[in-house]
Amino acid sequence: MRKCYQSLKRLLTGQEGSMAPAAVAATIAMLFIILGVSEYMRLVITAAGIKDAMESAVVSVVNDNYNEVYHAGYEPDDTGFAASVDHGDIYGRMCFLLGLEEDGNSYVRYNNSGELEYRLKNLSVDIHNTALASPGGTYYADAEVTMEVPVRFAGKILSNMSVRLKVRAAYREKF
């Protein structure tokens, strides 16, 4: 044991030592850094793609309601005026854009290997109508969805990242 310790000490402190252990350690450290950065970029790209698809779906809902804006978003009924709003099908549009599959109370996407890529759930849409008898107001819709993405490192799932994504689309009459 003592002889092993002395030879290791001589190898590390001597001038004739090899740089191979230091090169291997530096390579492994760089590999871990590259793996961490690539996983971070995968998560950012996934979130950006989902947010873009959700923005597109919400914009289509707002555009589908353009005809409601020109009469201030209200229609006459028996007792006065009632809000006239079309909530559209945001999940349906997102399923079309992202290739999602329904899974209970959530929507999921699987990669080519059959592994879960992400899960979307708890979509909430709040459509803000213009005020009654106030032409020129902004008609907008806010939407939020919970995105869960499995965080992987070195091929293993560590945990799930859960993020609440929010988007807003607005429509303002020009004339």
Side-chain angles (χ1 to χ4, degrees), residues 35-153 155-175:
L35 286 173
V37 168
S38 66
E39 181 63 14
Y40 172 77
M41 292 306 298
R42 182 185 74 85
L43 295 173
V44 167
I45 290 169
T46 300
I50 292 170
K51 189 169 183 177
D52 288 346
M54 195 163 91
E55 283 176 351
S56 175
V58 172
V59 165
S60 71
V61 166
V62 170
N63 286 339
D64 288 347
N65 281 294
Y66 77 93
N67 59 336
E68 311 302 340
V69 173
Y70 287 102
H71 53 79
Y74 294 87
E75 291 182 348
D77 65 2
D78 295 338
T79 61
F81 289 93
S84 175
V85 174
D86 177 16
H87 284 80
D89 184 16
I90 293 178
Y91 262 142
R93 178 117 172 108
M94 288 176 64
C95 287
F96 172 74
L97 293 171
L98 297 171
L100 302 175
E101 300 173 16
E102 191 170 357
D103 182 31
N105 64 348
S106 62
Y107 290 83
V108 295
R109 167 132 185 194
Y110 296 100
N111 61 17
N112 294 335
S113 306
E115 298 173 329
L116 177 68
E117 196 168 327
Y118 55 83
R119 177 181 307 275
L120 301 176
K121 61 184 182 179
N122 301 331
L123 175 69
S124 66
V125 180
D126 188 18
I127 297 181
H128 302 274
N129 209 345
T130 58
L132 186 59
S134 66
T138 301
Y139 176 88
Y140 61 94
D142 292 321
E144 295 182 25
V145 72
T146 302
M147 172 190 75
E148 291 180 356
V149 182
V151 178
R152 295 180 174 90
F153 188 77
K156 300 198 186 298
I157 295 176
L158 299 177
S159 67
N160 283 337
M161 177 188 78
S162 182
V163 176
R164 191 87 176 139
L165 298 175
K166 300 176 185 181
V167 297
R168 173 179 275 188
Y171 185 91
R172 179 180 293 248
E173 62 184 281
K174 291 210 177 214
F175 304 104

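None of the values given here were measured: they were computed from a predicted structure.
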How long is the gap from CE on M54 to CG on L120, to the nearest 0.5 Å?
9.0 Å

Run the side-chain contact (heavy atoms from CB on, under 4.5 Å) test on V151 and E39 for me, step by step, so that the C-alpha distance in whole Å, both residues' side-chain angles and the decisive distance to 0.1 Å come before the verdict.
CA-CA 7 Å; V151 178; E39 181 63 14; 4.1 Å; yes

Which heavy atom of E148 sits nearest a heavy atom of N160, and at what distance?
OE1-ND2, 4.4 Å

Scan R119, K51, M161 and name whichever one has a side chain to side chain contact (heavy atoms under 4.5 Å, CB included) with M147.
M161

Can you find a pair of side-chain heavy atoms, one from Y118 and one from V108, that are under 4.5 Å apart?
no

Calculate, to the nearest 0.5 Å, the distance between atoms CG and CD belonging to D126 and E144 respectively.
9.0 Å

Exercise: identify the closest heavy-atom pair between P150 and L43
O-CD2, 4.4 Å

For R42 against E117, the heavy-atom pair lying closest together:
NH1-O, 4.4 Å

About how many Å separate CG of N105 and CG of L123, when rounded to the nearest 0.5 Å?
12.0 Å

Could you measure the distance from the OG atom of S60 to the CD1 atom of I90? Nearest 0.5 Å is fine.
7.0 Å

Check the pair L100 / Y91 against side-chain contact (heavy atoms from CB on, under 4.5 Å), numbers first and verdict last.
CA-CA 9 Å; L100 302 175; Y91 262 142; 5.5 Å; no

Quick check for you: to the nearest 0.5 Å, what is the distance between K166 atom NZ and S124 atom OG?
9.0 Å

Please report the shortest heavy-atom distance between L97 and A53, naming the atom on each side.
CD1-O, 3.7 Å

What's the shortest heavy-atom distance between R164 and N122, and which atoms?
NH1-O, 2.9 Å

Test item: R109 side-chain N/O and L98 main-chain N/O as donor-acceptor pair under 3.5 Å
yes

